[in-house]
Amino acid sequence: MDAMEVTWALVALAVVLLLGQFLNLQWEARKYPPGPTPLPIIGSMWALNFSLHHETLMQLAKTYGNTMTLWAGHTPLVITNGFEAVRDMLVSKSEETSGRPQTPYIQKYGQEKGVLTSSGHTWKQQRRTSITMMRRLGIGQKNMENRIQEEAEHMIEFLTAQEGRPLNPAHLVMSCVTNVISAVVFGHRFSFDDDVLHLLMESTKSVSPFMMSFWGQLYETFPQLIRLLPGPHQKVFELLEYARNYVKKEVRDHQESPKDEHQDFIDLYIDQIEKSKSDPNSTCDEANLVQDVMDLFFAGSETTALTLLWALLYMVKYPDIQEKVQRELDDVLEPAETIQYEHRMKLPYTNAVVHEILRYSCVVPLALPHHCVKDTTIQGFHLGKGTIVIYNLFSVHYDHTIWEVPKEFNPSHFLDKEGNFVKKEKFIPFSAGHRACLGEQMGRTEIFILFSNLLRQFTFHLPEGVKTVNLGFIMGTTLHPLPYKICARPRGAPSHHSAEDPQQLDSSI
């Protein structure tokens, strides 16, 4: 057999193998909800231009229904769109879909410990333990609000010193939110120029974009190979390791420093480890403590900071809404009165704006995937144990059957005709069911208090010469606004735009 015959034989063999894979995929696809035709190797990701984009998923749902299947290679992903399908998955079938698939990157990050990426007994016990610790620390009470108010004062002090010069608020906002978490878990805050704070924030910011990046997808597909190659993933892994080692150091410091009373999350958890030593079923150990702290940082600080960054951008985009919030704050609160979370009851418009920010920004359009821990049905479709399920929260936030003008930023979505705040049952920005965000109360409190303090003290506007606000985003598991600069003019100060300070513009804040 000559070389040409060998070549044709190999081509024929490849065609037969691909055809066999194609037919096998079509047979397997019959067991799942409908979706685009899966192809060998690439699955049906061709229908999304190889990116799991939330808006594209909404478009596909018009063709295949609100419960549909996409294939990542030969792995089926069941996607739920719209409130009814999402609620069926998260609430009605909350126990059945409470697992977390252990993809290579999820395993690299969580090591099947903590709350965010674990499953089964470990997840249940760590979630219950974390909620208990946070309640004992006063989450949702005045003690927590005082910590948030302290960070608000640091933020106001910094912005006042800028005298209205243009700045990118990302570093400042992330520093303040990270410091709130730090006070809860470590018992202390960092100064804004602390190198440890900067590295912890870099670690936090690296996790989300990498998961959806090209290199992230390569790592999920070829983990053994990619971890040996140079590339941006190595920097991500270094930052993750730095954060983990820093948390371990904090744990050691807490263990070596006797406390008369327990004041932070690590202290309380160390005490729980001692109490649980005789329980063979306990998962309370140092490894889970470290991962719980990592989860609080990675899941709590980034989403809250991003929501606030979107909030400032929207206020610049819609100055009439900004002015109306400021007018309500002035009318309702005494000049020296400290803003508290309970004030939202007396500030219906401000409360509605905060809720609309959460809806419109939708910073986590596609949360981490779930997997079925037992056989179940969603919207009438049978799903076997181990099936990966992903919900599209964006489709709930932008559902035209729920919201009057979903594609517009409109606080009236949360107001009645008399201007009273209206709570919406179908609004679930922090998810729902067993896997709902355990930091929801802290996140809601932070966003309301920090946002209200900022608008009470400053008017935000574009730098001189900038005419438009870009609402584009950077896609990851979270939606980052594109980097931007704004001016924070102290209220009561002259309304002219301050001259730009080139040195300030080059700073990290």
**Request:** Mark yes or no for whether E337, through its side chain, and E334, through its backbone, hold a donor-acceptor pair below 3.5 Å.
**Result:** yes
**Request:** Identify the heavy atoms of A305 and M174 that sit nearest to each other, and give their distance.
**Result:** CB-SD, 3.5 Å
**Asked** CG/D292 to CE/M294 distance, rounded to the nearest 0.5 angstrom?
**Response** 11.0 Å
**Prompt:** Has K324 got its NZ or CZ under 6.0 Å from the middle of the six-membered ring of Y349, at an angle within 45 degrees of the ring axis?
**Reply:** yes
**Prompt:** How are the rings of Y219 and Y105 set relative to one another: parallel (under 30°), tilted (30 to 60°) or perpendicular (over 60°)?
**Reply:** perpendicular
**Message:** Is the positively charged end of R189 above the ring of F186, judged by distance under 6.0 angstrom from the centroid and angle within 45° of the axis?
**Reply:** no
**Minimal non-hydrogen separation, E145 against T445, with atom names** = CG-CG2, 3.8 Å
**Request:** Evaluate the criterion ring pair (Phe, Tyr, Trp, His ring centres under 6.0 Å) for residue pair F427 and H413; output intermediate values, then yes/no.
**Result:** CA-CA 11 Å; F427 180 60; H413 286 138; over 10 Å; no
**Prompt:** So does K424 have more than 12 non-hydrogen atoms from other groups sitting under 6.0 Å from NZ?
**Reply:** yes
**Message:** Given 3.5 Å as the limit, does a donor-acceptor pair link the side chain of Y484 with the main chain of L309, or not?
**Reply:** yes
**Message:** Check the orientation of F473 and H54. Use parallel for under 30°, tilted for 30 to 60°, and perpendicular for over 60°.
**Reply:** tilted
**Message:** I'd like to know if the side chain of Q162 reaches the main chain of F158, judged simply by a donor and an acceptor atom lying under 3.5 Å from each other, with no hydrogens or angles considered.
**Reply:** yes
**Request:** May I ask you to test the V469-Y314 pair for a side-chain heavy-atom distance under 4.5 Å?
**Result:** no
**Prompt:** Is any side-chain heavy atom of H461 less than 4.5 Å from a side-chain heavy atom of I486?
**Reply:** no
**Item:** Ring geometry between H188 and F190 (parallel below 30°, tilted from 30 to 60°, perpendicular above 60°)
**Value:** perpendicular
**Asked** Within 45° of the axis and under 6.0 Å from the centre of the six-membered ring of Y398, does NZ or CZ of K407 qualify?
**Response** no
**Request:** Run the numbers on L60 and L70 for side-chain contact (heavy atoms from CB on, under 4.5 Å), then give the verdict.
**Result:** CA-CA 10 Å; L60 288 175; L70 294 169; 4.2 Å; yes
**Request:** Measure from the side-chain N and O atoms of N392 to the backbone N and O of N81, and report whether any donor-acceptor pair falls under 3.5 Å.
**Result:** no
**Asked** Taking the six-membered ring of F414, is NZ or CZ of K423 closer than 6.0 Å to its centre and within 45° of its axis?
**Response** no
**Asked** Does the side chain of Q441 reach to within under 4.5 Å of the side chain of E446, using non-hydrogen atoms?
**Response** no
**Request:** Could you tell me whether the side chains of R244 and Q291 share a donor-acceptor contact shorter than 3.5 Å?
**Result:** yes
**Asked** Is the closest side-chain heavy-atom distance between L289 and V251 below 4.5 Å?
**Response** yes
**Prompt:** Centres of the H171 and H198 rings: under 6.0 Å?
**Reply:** yes
**Request:** Could you walk me through whether V353 and M315 pass the side-chain contact (heavy atoms from CB on, under 4.5 Å) test, one step at a time?
**Result:** CA-CA 10 Å; V353 170; M315 293 305 97; 3.9 Å; yes
**Request:** Give the intermediate values and the outcome of salt bridge (charged side-chain N to carboxylate O under 4.0 Å, His left out) for residues R87 and E425.
**Result:** CA-CA 11 Å; R87 180 176 62 177; E425 175 201 358; 3.5 Å; yes
**Prompt:** In Å and rounded to the nearest 0.5 Å, what is the CG to CZ distance from D330 to R491?
**Reply:** 4.0 Å
**Request:** Start with the C-alpha gap between F451 and T307, add the side-chain angles, then the distance that decides, and say whether side-chain contact (heavy atoms from CB on, under 4.5 Å) holds.
**Result:** CA-CA 10 Å; F451 174 77; T307 302; over 6 Å; no
**Under 3.5 Å: donor-acceptor pair, side chain of D264, backbone of D267** = yes
**Asked** Would the number of heavy atoms belonging to other residues, nucleotides or ligands and lying under 6.0 Å from CZ of R227 be above 12?
**Response** yes
**Fill in**
Closest non-hydrogen contact found for P369 with I390 is CB-CG1, 3.8 Å
**Request:** Starting at NZ of K248, measure out to CD of E286 and round the result to the nearest 0.5 Å.
**Result:** 8.0 Å
**Asked** Using 30° and 60° as the class limits, which term best fits the ring planes of Y360 and F409: parallel, tilted or perpendicular?
**Response** perpendicular
**Asked** Are any of the side-chain heavy atoms of L239 and S206 separated by less than 4.5 Å?
**Response** yes
**Item:** Any side-chain heavy-atom pair of L197 and S175 under 4.5 Å
**Value:** yes
**Asked** Run the side chain to side chain donor-acceptor pair (under 3.5 Å) check on Y318 and N410 step by step: do they pass?
**Response** CA-CA 10 Å; Y318 307 106; N410 186 1; over 6 Å; no
**Request:** Take atom CD of E323 as the centre, draw a 6.0 Å sphere, and report whether it contains more than 12 heavy atoms from other residues, nucleotides or ligands.
**Result:** no
**Check against side-chain contact (heavy atoms from CB on, under 4.5 Å), R456 and L333** = CA-CA 10 Å; R456 191 187 196 187; L333 302 178; 3.8 Å; yes
**Request:** Quick one: closest heavy-atom pair of Q149 and I339, and the distance?
**Result:** OE1-O, 3.3 Å
**Request:** Give a yes or no on whether the backbone of C487 and the side-chain of R165 come within a donor-acceptor separation of less than 3.5 Å.
**Result:** no
**Item:** Under 3.5 Å: donor-acceptor pair, side chain of H355, backbone of N351
**Value:** yes
**Prompt:** Any idea which heavy atoms bring G82 and V396 closest together, and the distance?
**Reply:** C-CG2, 3.9 Å
**Message:** Could you tell me if R344 sits above the aromatic ring of Y341, with its cationic atom closer than 6.0 Å to the ring centre and no more than 45 degrees from the axis?
**Reply:** yes
**Request:** To the nearest 0.5 angstrom, please state how far the CD1 atom of I106 sits from the CD atom of Q111.
**Result:** 13.5 Å
**Request:** Go through the side-chain N and O atoms of T459 and Q326 and say whether any donor and acceptor fall under 3.5 Å apart.
**Result:** yes
**Asked** Do the numbers put R435 on top of the ring of W123, so that NZ or CZ is under 6.0 Å from the six-membered ring centre and no more than 45° off the axis?
**Response** yes
**Asked** In Å and rounded to the nearest 0.5 Å, what is the CG to SG distance from N453 to C176?
**Response** 10.5 Å
**Prompt:** Do R444 and P429 have side chains that get closer than 4.5 Å, going by heavy atoms?
**Reply:** yes
**Request:** Using the six-membered ring wherever Trp is involved, compare the ring planes of F460 and F458 and label them parallel, tilted or perpendicular (cut-offs 30° and 60°).
**Result:** tilted
**Message:** Donor-acceptor pair, distance only, cut-off 3.5 Å: does the side chain of N420 make one with the backbone of D416?
**Reply:** no
**Prompt:** Taking atom types as modelled and ignoring hydrogens, do the side chains of Y391 and S431 form a donor-acceptor contact shorter than 3.5 angstrom?
**Reply:** yes
**Asked** To the nearest 0.5 Å, what is the distance between CG (L438) and CD (Q126)?
**Response** 11.0 Å
**Prompt:** With no hydrogens and no angle check, do the side chains of E302 and T478 hold a donor and an acceptor under 3.5 Å apart?
**Reply:** yes
**Message:** Would R359 and W403 count as a cation-pi pair here, with the cationic atom under 6.0 angstrom from the ring centre and within 45° of the axis?
**Reply:** yes
**Message:** Counting C-beta onward and ignoring hydrogens, is there a side-chain heavy-atom pair between I321 and P411 closer than 4.5 Å?
**Reply:** yes
**Prompt:** Quick one: does T304's side chain have a donor or acceptor within less than 3.5 Å of a partner on S301's backbone?
**Reply:** no
**Message:** With a 4.0 Å cut-off on N to O distance, would you call E150 and R147 a salt bridge?
**Reply:** no
**Request:** Could you pull out the closest heavy-atom pair between Y109 and L240, with the gap in Å?
**Result:** CD1-CD2, 3.8 Å
**Message:** Main chain of T129, side chain of Q272: is a donor-acceptor contact present, judged purely on distance under 3.5 Å?
**Reply:** no
**Prompt:** Side chains of Y246 and E250: donor-acceptor distance under 3.5 Å anywhere?
**Reply:** yes
